[in-house]
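What follows is a short report on a single structure.
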Number of protein chains: 2
Amino acid sequence: MVGLMEKKTHSNAQRAVQELRRLIFSGELAAGSDHLETELADRLGMSRTPVREAALLLESQGLLEMRPRKGVRILPVSSGDMREIYDVLTELESLAAERAAAAGYSNAELAALNTAISDMDAAIAAEDLEAWAEADDRFHAELVRLGGNSRVEMIVAMMSDQVRRAKASTLFIRPLPLQSNEDHRAVYQAILSGDPETARRIHRAHRQQAREILTGLLEKHRLKNL
Amino acid sequence: MVGLMEKKTHSNAQRAVQELRRLIFSGELAAGSDHLETELADRLGMSRTPVREAALLLESQGLLEMRPRKGVRILPVSSGDMREIYDVLTELESLAAERAAAAGYSNAELAALNTAISDMDAAIAAEDLEAWAEADDRFHAELVRLGGNSRVEMIVAMMSDQVRRAKASTLFIRPLPLQSNEDHRAVYQAILSGDPETARRIHRAHRQQAREILTGLLEKHRLKNL
DNA sequence: GCATTGATTTATGTATTCATTAATAAACGC
DNA sequence: GCGTTTATTAATGAATACATAAATCAATGC
């Protein structure tokens, strides 16, 4: 044990989860690639035990698959998968929008939502797709939080993780989402004015359109797996 | 190692998952109770390692919680939790109904659905709540399967697991669900005749009503935790 | 008598060891 | 030379061993 300062804020298993997620999202562990438990353990500087526990968790979240003797496989996301995921996101986010509108939030409580919309406007003006994607994520995450259903939050986060990898690959071929922010504003307005039906309807249409654009792009560009 | 015949169809970890699930659903591991890893390992006749892996999985599925030094806690399900769960079920099952109707299934492909409905009729006639609940589960599971979205299937199964414990406790205080099967038939008809909007709308109303009945009962009877 | 500090216990988190079994390579028969 | 069978390798699944840190208990000081 060297005398360097050790951070012990997290257990090794937790660090393994964080690190594996990072490696997956960054593409350092490519979709479809296989990795032995021992290899990952060496790479993360710990024994197989916490790595295995982390892999089990990530498997339950659909990011990878543990196949005996063949190693941990980073799951690819097909365009078919993306359709499934967007369908789930559409339903659950629409519910969140409806409930957020019914909750009667004050202007102040909707500040984060508003900020995200402004940031998207700014990003569009600057033609900064990266910044736009970040703010868009923020908008959707905040919307779901306002919906007040912890299970919806968890599921949406899980599905969003699976989308995240595809986003990085498709961002460059996407058009600037000009229409998108009008929808966001309309949803925001519906929530602020306490109109659940409108919030649900608009957000639902918004998500369905996003789904068509994304899956259309994926299939057009033959990006079957990401 | 005694010379008896060994069944090696499953790994110990898989057996641990099955067994723990059984113990939880049967109430032998009561909601809210704590159990040390060592205790569970002894009980299942294996070492802590596979028990830990099983517990990690069940934790990710919301059935229990692992709290350092306090043991594995079987999660209680509050009436608030039940509201959350039913909201998720409502949205995702409605989607499944819509998609099933859009898929254009033949009469033969809908046989299982039809059987479940008939079985519910029979159970109602016989005033057999147990049999009714089983057939009802079957109907909903089959509906989701017909929806053709594997993620929806997985999420619904997870949420249904959490509902299952509450069902056992509330079955005896529920009225015979006379109205319920009319809804089921209407959904079935909408799917058979390829009417997605109707299938969605009716199933959605059906689930929302179920939610009101269940959460109403839970709160009326002060069954805050199950 | 109560609080605070220190010792002890003990459950977990992790490393290590071991057994099993699938995959690969090698050797043999034809 | 090719297919089949056997031997070897190696990766996982599981048990055990161990270090750590939290919780309990005791003891001491006030």
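Computed from a predicted structure; not experimentally measured.
Rounded to whole Å, the distance from CZ on A:Arg73 to P on D:dT12 is 14 Å. The CD atom of B:Gln14 sits 8 Å away from the P atom of D:dA14 (whole-angstrom rounding). Rounding to whole angstrom units, NE2 of residue B:His10 and P of D:dA14 are separated by 12 Å. Computed from coordinates, the B:Asp42 CG to D:dA15 C1' distance equals 13 Å when rounded to whole Å. Between the CG atom of B:Leu36 and the P atom of C:dT10 there is a distance of 11 Å, rounded to whole Å.
In this model, a donor atom of one side chain and an acceptor atom of the other lie less than 3.5 Å apart for B:His184 and B:His206. Using a 3.5 Å distance cut-off with no hydrogens or angles, the side chains of B:Ser11 and B:Gln14 do pair a donor with an acceptor.
Remark: side-chain polar atoms of B:Asn149 are paired, donor with acceptor, to backbone N or O of A:Glu84 under 3.5 angstrom. With B:Arg211 contributing its side chain and B:Tyr86 its backbone, the two residues share no donor-acceptor pair below 3.5 Å. The main-chain N or O of B:Leu56 is never found under 3.5 Å from a side-chain atom of A:Glu53 such that the two would form a donor-acceptor pair.
Closest contact between the side chain of A:Asn12 and the listed nucleotides D:dT12, C:dA15, C:dT12 involves C:dA15. In the set C:dA11, D:dA14, C:dT21, D:dA14 carries the atom at the smallest distance from any side-chain atom of B:Ser11. Out of D:dA15, D:dA10, D:dA21, the shortest distance to the side chain of B:Arg69 is found at D:dA21.
Within residues 44-60 of chain A, the residues that place at least one heavy atom under 4.0 Å from DNA chain D are, in residue-number order, A:Arg48, A:Arg52.
Within the structure, every pair that satisfies the side chain to side chain donor-acceptor pair (under 3.5 Å) test and touches residues 97-106 of chain B, not counting sequence neighbours, is listed here: A:Asp87-B:Arg99, B:Glu98-B:Arg200, B:Ser106-B:Glu109.
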